[in-house]
Amino acid sequence: MKHLKLIINNSFKSKNISFFDKKELRKILNLYAEMVSDGDWKDYSLNISNKEISFNIYKRSSEHPIYKITKNLNYKNKNDKYFVKDANGNLIKKSSELENLINNVRWKKLKIVN
């Protein structure tokens, strides 16, 4: 323990790095809370890069994410700003507004009821 050093990298704050803003994160977390209460989702993670930020959703924490809600930071077309991918990386839907994207994706799978 004597040889540990604390290194603080302040260059991260000097760059203009985007993230989900408060309204976007609230919409995503409201959806997440609803799906957790239904028992469909169990865990989440965030991935941040220079190109995109994604909110990854898991059925079980030991598996790959079943959905990725992504904010594209370097979009060329307005409709490419937000998109959702499935577990295989296939594009499910994309939109210029996060609320429209969340409302227009079928998040629940159909269940057979006897």
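Values below: every heavy atom of this structure, side chains too, minus hydrogens, waters and symmetry copies. Remember, it's a predicted structure, so these values are computed and weren't measured experimentally.
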(message) Please determine whether residues M35 and I92 belong to a single hydrophobic cluster, defined as Ile, Leu, Val, Met, Phe, Trp and Tyr linked transitively by side-chain heavy-atom distances below 4.5 Å.
(response) yes
(request) Report whether I53 and Y75 are members of the same hydrophobic cluster (ILVMFWY, side-chain heavy atoms less than 4.5 Å apart, transitive linking). (result) no
(message) Please report the interatomic distance CD1(I57) to CD1(I66), rounded to the nearest 0.5 Å.
(response) 6.5 Å
(message) One pair to check against side chain to side chain contact (heavy atoms under 4.5 Å, CB included): K93 and N104. What are the steps and the verdict?
(response) CA-CA 8 Å; K93 193 145 191 96; N104 292 327; 3.6 Å; yes
(request) Check whether more than 12 heavy atoms from other residues, nucleotides or ligands sit under 6.0 Å from atom OH of Y32, and answer yes or no. (result) yes
(message) Distance check, rounded to the nearest 0.5 Å: L31 atom CG versus I69 atom CD1?
(response) 5.5 Å
(message) Quick check: is I48 connected to I28 through a chain of hydrophobic side chains (ILVMFWY, heavy atoms under 4.5 Å apart)?
(response) yes
(request) Evaluate the side chain to side chain contact (heavy atoms under 4.5 Å, CB included) criterion for residues E34 and N30: first the C-alpha distance (whole Å), next the side-chain angles of each, then the deciding distance (0.1 Å), finally the verdict. (result) CA-CA 6 Å; E34 179 183 334; N30 285 341; over 6 Å; no
(request) Nearest 0.5 Å please: distance from the CG atom of N56 over to the NZ atom of K85. (result) 10.5 Å
(request) Quick one: sort the Y44 and F55 rings into parallel, tilted or perpendicular, breaks at 30° and 60°. (result) parallel
(request) Verify salt bridge (Lys or Arg N to Asp or Glu O under 4.0 Å) between E52 and K71, making sure each step is shown before the conclusion. (result) CA-CA 6 Å; E52 64 185 28; K71 179 179 182 179; over 6 Å; no
(request) Identify the heavy atoms of F19 and E24 that sit nearest to each other, and give their distance. (result) O-OE1, 4.0 Å
(message) To the nearest 0.5 Å, what is the distance between CD1 on I102 and OG on S95?
(response) 10.0 Å
(request) Evaluate the side-chain proximity of Y67 to Y58: yes if any heavy-atom separation is below 4.5 Å, no if none is. (result) no
